[in-house]
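Input: a single structure, listed below in structure tokens.
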There are 2 protein chains.
Amino acid sequence: MSNYHHGDVRNTLLQQAETILHQEGPGGLTLRRLARLTGISEAAPYRHFDGKDGILAAVAIAAFDRFADRLQQVASQHADHRDRVMALGAAYVGFALDHPQHFRLIFGRERPPLDQYPDLREAADNAFDVLQRAVTAIDRRADMTLTEAATAYNRALAAWSRAHGIATLLIDGMIVPPADQDIEAFILGLLSEDLTAPSA
Amino acid sequence: MSNYHHGDVRNTLLQQAETILHQEGPGGLTLRRLARLTGISEAAPYRHFDGKDGILAAVAIAAFDRFADRLQQVASQHADHRDRVMALGAAYVGFALDHPQHFRLIFGRERPPLDQYPDLREAADNAFDVLQRAVTAIDRRADMTLTEAATAYNRALAAWSRAHGIATLLIDGMIVPPADQDIEAFILGLLSEDLTAPSA
DNA sequence: ACTTATATGTTAACATCATTAACATATAAA
DNA sequence: TTTATATGTTAATGATGTTAACATATAAGT
């Protein structure tokens with residue numbers, strides 16, 4: 001008799017986890033609920049994952065991968081350096097707005113510790129590599145001085161933290177985009193604002 | 001017989017909560033543990049707070065107030081607008097580095113909902129008002145056009161999201177400040193980096 | 001084909017958590 | 001002194017993550 005789900009229990013659990021995460025955030029995600037939805041006993045998930053953190057890690061890896069894919073695709077569509085940095089920033093914030101729960105999962109506190117899940121660390125590193133390569137690409141010249149290289153790196157960090165701050169404040173509702181303006185334009189405006197220029 | 005703690009149970013609970021929050025973050029903060037540390041039964045905290053969220057709200061209010069005070073003090077020490085914006089950004093990030101758990105509490109997901117705790121909302125609004133007033137102060141002129149006012153507001157948002165992004169990425173360990181450089185200088189560099197300028 | 005090992009499943013239990021109900025007593029007010 | 005309020009207790013409820021002990025299906029080895 002084949003009461004076994006064979007290989008699909010793992011995938012079913014992951015899909016249910018994705019659904020709950022999307023609808024209610026990490027708070028509503030409990031192992032017992034996942035087991036109930038999948039139609040297995042409450043201890044069964046432990047045969048497929050390393051407890052709750054194991055499931056969260058798997059979901060986070062998928063989220064990191066989709067994030068990286070989106071960034072990579074946007075980066076490849078812009079040849080000009082400045083265009084690319086701006087488009088990347090917009091894509092970064094766009095991902096956060098489209099998938100706020102995934103964004104929170106991969107950057108928030110319920111993300112399992114990277115040093116306990118090597119695959120998760122790899123997925124995270126990969127996403128940030130995509131980002132950093134795209135931002136610093138044009139500055140990667142052989143005849144670069146050390147300070148020039150440091151400047152390029154700092155630029156990447158600055159661009160990253162800018163996008164990250166906007167994304168975080170937006171999905172937490174602390175910044176509300178103006179209703180009369182295109183959101184994309186609003187984001188690009190915030191990204192490119194030059195604080196060093198004289199005011200008015 | 002005076003077995004009662006009188007008025008100090010509430011304060012003791014809050015202090016224990018602060019201590020645990022500081023040492024372990026919100027994850028280690030449980031009502032039962034607070035009760036144990038304070039030497040009262042597990043149901044007693046409910047006589048002083050509206051459950052766990054009530055305690056978290058009280059701690060968050062105190063954190064917001066300290067945050068606002070620090071920003072206010074820094075803002076008052078700089079007359080020049082650009083200096084003030086930069087100093088505020090550094091203070092913002094500095095607070096996050098000095099009190100990462102408090103920073104996470106007031107901006108993170110375990111912060112109780114603002115609309116259920118009016119005092120918490122007030123504390124939050126106050127902190128952001130300090131920030132926004134300081135950043136836009138010099139641009140608050142009577143003869144300002146609408147677009148000029150919008151630009152000033154956008155500048156405030158840009159400065160805020162910049163500081164917020166740097167703070168978040170730093171306390172999450174996603175950005176590691178260079179060991180050979182002063183952290184303050186590193187932060188100021190990131191804040192003032194102009195992405196619109198030509199590279200190299 | 002038979003035996004064995006591994007993968008997958010189950011039920012039951014444990015410890016912890018937030019919260020509430022029912023009850024008790026200290027302090028303050030009338 | 002009586003009464004009301006504030007503060008405390010114990011016990012219970014229902015949820016959670018996790019593990020142990022046990023059962024069976026599939027795969028592997030001989």
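Below, each value reflects all heavy atoms present in this structure, side chains not excepted, and no hydrogens, waters or symmetry copies. Below, read A as the first sequence line, B as the second, and so on, with proteins coming before strands; counting in each chain starts at 1.
- Look at CG on L34(B): it is 16 Å from P on dT16(C), rounded to the nearest Å.
- Considering only heavy atoms from C-beta on, L120(A) comes within 4.5 Å of P112(A) through its side chain.
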- [ ] Report, as a single string ordered 5' to 3', how protein heavy atoms within less than 4.0 Å touch nucleotides 10-19 of chain D: B base, S sugar-phosphate only, - not at all.
- [x] BBB---BBBB
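- For R162(A) (side chain) and A163(B) (main-chain N/O), no donor-acceptor pair under 3.5 Å exists by modelled atom type.
- For dG8(D), one of the phosphate oxygens OP1 or OP2 lies less than 4.0 angstrom from a side-chain nitrogen or oxygen of H48(B).
- Rounded to a whole Å, the CZ atom of F49(B) is 16 Å from the P atom of dA6(D).
- Going from atom CZ of R10(A) over to atom C1' of dA7(C) covers 14 Å, rounded to whole Å.
- Within 6.0 Å of CD in Q77(B) there are more than 12 heavy atoms belonging to other residues, nucleotides or ligands.
- By the neighbour-count criterion of 12 heavy atoms within 6.0 Å, atom CD1 of I183(A) is sparsely surrounded, having that number or fewer from other residues, nucleotides or ligands.
- By the 4.5 Å heavy-atom criterion applied to side chains, E18(A) and Q101(A) are not counted as neighbours.
- In this structure, R47(B) atom CZ and dT25(C) atom P are separated by 15 Å, rounded to whole Å.
- The main-chain N or O of D194(A) is found under 3.5 Å from a side-chain atom of R155(B) such that the two form a donor-acceptor pair.
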